[in-house]
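Worksheet: the structure to be examined is printed underneath.
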Amino acid sequence: MKADFYETLGVQKTADDKELKSAFRKLAMQFHPDRNPGDKACEHKFKEINEAYETLKDPQKRAAYDRFGHAAFENGAGAAHGFAAGGFADIFEDIFGDMMGGRRRSSGGRERGADLRYNMEITLEEAFGGKTAQIRVPASVSCTECSGSGAKPGTSPTTCPMCSGAGRVRATQGFFAIERTCPQCHGRGQTIKDPCPKCAGQGRVTEERSLSVNIPSGIEDGTRIRLANEGEAGLRGGPPGDLYIFLAVKPHEFFQRDGADLYCKVPISMTAAALGGSFEVATLDGTQTRVKVPDGTQNGRQFRLKGKGMPVMRQPAVGDLYIQVAVETPQNLTKRQRELLQEFEEISSTENSPQSSGFFARMKDFFESFGN
């Protein structure tokens, strides 16, 4: 004895079309043979689910079933065995289309154009101040001869007789409804008897375009800029894709960037570090700033120049510039220079080099602790 169709789908008799479809989708995903290979029970259940849905989704069949039950479809009176090509195939595509990587074409065989990528390299100075760049991009554009239709001027595409413009044909094999791309129009839904001589029926031609790209001040390495509708032209009048500009900032000779902050390593002489002094550094805003070095400055010390870093994109904030001094040890000493340094070493005390004196004192205590 056949199970009640409403019980098969797990819905009430008052269920509306939305509830029926939702229940069917859920059960179809669970019991589909592709997900349960070799499971005869699931295969049988799947057929029951499909039969129940095929009956209840049709208002006339549902009314007959509600009045007469299964008897309404006995003796050849419209039994819903197997997969109906018109009903289940649409639901099958709706449920499994994304999983199979399917992509529907728009009416008339129009397809959205592909997105394009353009790699652009800019300097740190250009990232600091921003710029308007002109680029040339080879891409497909809509054919002006046929206005993107692909048909010879004076003619127009015709509806494919094989698929009636759907772009897909269906065939029932056993309890499966197989849908495939129409072999005559290749999924376009239309055929072109007289193709445009300029674009050979594609509706687009390849040209090099000149585009203006606005690079905002403070832009960072790796930023992506999207130019809508500047990608490949769509097939046969379809919408164009987008153009993505991927920016790379060239390494700078003096500055390293970390977000909005800049870092610069400046070598200074040993005497400048010991006696103190000052030096000037150029900044990206086109000015020079004097940095004062106090006497006794140690190697690696940083000096912060507030507001001398990178601007923050589309914000009023500005980063800082950090100057790190690298104390340079004298090289290629003359005899006299060596004598003076030796003399300085002889008259030096622990107060002149507190870090090294303290370190070796602690190291000595550490070593002597092993003798206890």
Taking the side chain as everything from C-beta on, heavy atoms only, tell me whether [X] gets closer than 4.5 Å to [Y].
X: T283; Y: Q288; result: no
X: R290; Y: F279; result: no
X: S353; Y: S348; result: no
X: L243; Y: D115; result: no
X: I135; Y: I245; result: yes
X: L284; Y: L262; result: yes
X: E230; Y: L211; result: yes
X: D261; Y: L321; result: no

Polar contact flag, side-chain donor to acceptor under 3.5 angstrom, [X]-[Y]:
X: T191; Y: T158; result: yes
X: Y53; Y: R25; result: no
X: S269; Y: T271; result: yes
X: E48; Y: H44; result: yes
X: D58; Y: Y65; result: no
X: S217; Y: K131; result: no
X: R301; Y: N299; result: no

State yes or no: do [X] and [Y] share one hydrophobic cluster built from I, L, V, M, F, W and Y residues joined by side-chain heavy-atom distances below 4.5 Å, directly or via other members?
X: L275; Y: V325; answer: no
X: L305; Y: I268; answer: yes
X: L340; Y: V327; answer: no
X: V266; Y: F255; answer: yes
X: V281; Y: F254; answer: yes

Can you measure from [atom1] ([X]) to [atom2] ([Y]) and round to the nearest 0.5 angstrom?
X: L227; Y: D242; atom1: CG; atom2: CG; answer: 8.5 Å
X: Q190; Y: C160; atom1: CD; atom2: SG; answer: 9.5 Å
X: F360; Y: Q355; atom1: CZ; atom2: CD; answer: 12.0 Å
X: L27; Y: N50; atom1: CG; atom2: CG; answer: 11.5 Å
X: S22; Y: D17; atom1: OG; atom2: CG; answer: 12.5 Å
X: Y6; Y: T14; atom1: OH; atom2: OG1; answer: 9.0 Å

With a sphere of 6.0 Å drawn around [atom1] of [X], does it hold more than 12 non-hydrogen atoms of other residues, nucleotides or ligands?
X: K265; atom1: NZ; answer: no
X: R338; atom1: CZ; answer: no
X: E125; atom1: CD; answer: yes
X: R180; atom1: CZ; answer: no
X: R314; atom1: CZ; answer: no
X: E345; atom1: CD; answer: no
X: Q12; atom1: CD; answer: no
X: Q134; atom1: CD; answer: yes

- Task: Anything under 30° is parallel, anything over 60° is perpendicular, the rest tilted; go ahead and classify F46 against H32.
- Result: perpendicular
- Message: Walk me through whether F246 and M120 qualify under side-chain contact (heavy atoms from CB on, under 4.5 Å).
- Response: CA-CA 6 Å; F246 285 79; M120 179 186 294; over 6 Å; no
Assess whether a salt bridge exists between [X] and [Y], defined as any Lys/Arg side-chain N lying under 4.0 Å from an Asp/Glu carboxylate O.
X: D285; Y: K308; answer: yes
X: E145; Y: K152; answer: no
X: D320; Y: K306; answer: no

Heavy-atom donor-acceptor pair, [X] side chain to [Y] backbone, under 3.5 Å:
X: T297; Y: V293; answer: no
X: N36; Y: D39; answer: no
X: D295; Y: A274; answer: no
X: T223; Y: I219; answer: no
X: E54; Y: E51; answer: no
X: E19; Y: D16; answer: yes
X: Q337; Y: T334; answer: yes

- Message: The test is side-chain contact (heavy atoms from CB on, under 4.5 Å); show your working for V169 and M162 and say whether it passes.
- Response: CA-CA 8 Å; V169 292; M162 178 172 287; 4.0 Å; yes
How far apart are the closest heavy atoms of [X] and [Y], and which atoms are they?
X: L116; Y: P138; answer: CD1-O, 4.4 Å
X: A127; Y: V249; answer: CB-CG2, 4.3 Å
X: C146; Y: G203; answer: SG-CA, 4.2 Å
X: A15; Y: R62; answer: O-NH2, 2.8 Å
X: A133; Y: I215; answer: CB-CD1, 4.3 Å
X: V205; Y: C199; answer: CG1-CB, 3.8 Å

- Message: Test side-chain contact (heavy atoms from CB on, under 4.5 Å) on F24 and I49; report intermediate values, then the result.
- Response: CA-CA 7 Å; F24 173 75; I49 294 166; 3.5 Å; yes
- Task: Decide yes or no on side-chain hydrogen bond (donor to acceptor under 3.5 Å, both in side chains) for K198 and T144, but give the supporting numbers first.
- Result: CA-CA 9 Å; K198 184 177 181 179; T144 56; 3.2 Å; yes
- Task: Give a yes/no verdict on a cation-pi contact between R257 and Y263, requiring under 6.0 Å between NZ or CZ and the six-membered ring centre and an angle within 45° of the axis.
- Result: no
- Task: Assert yes or no for the condition that the ring centre distance of Y322 to F303 is strictly below 6.0 Å.
- Result: no
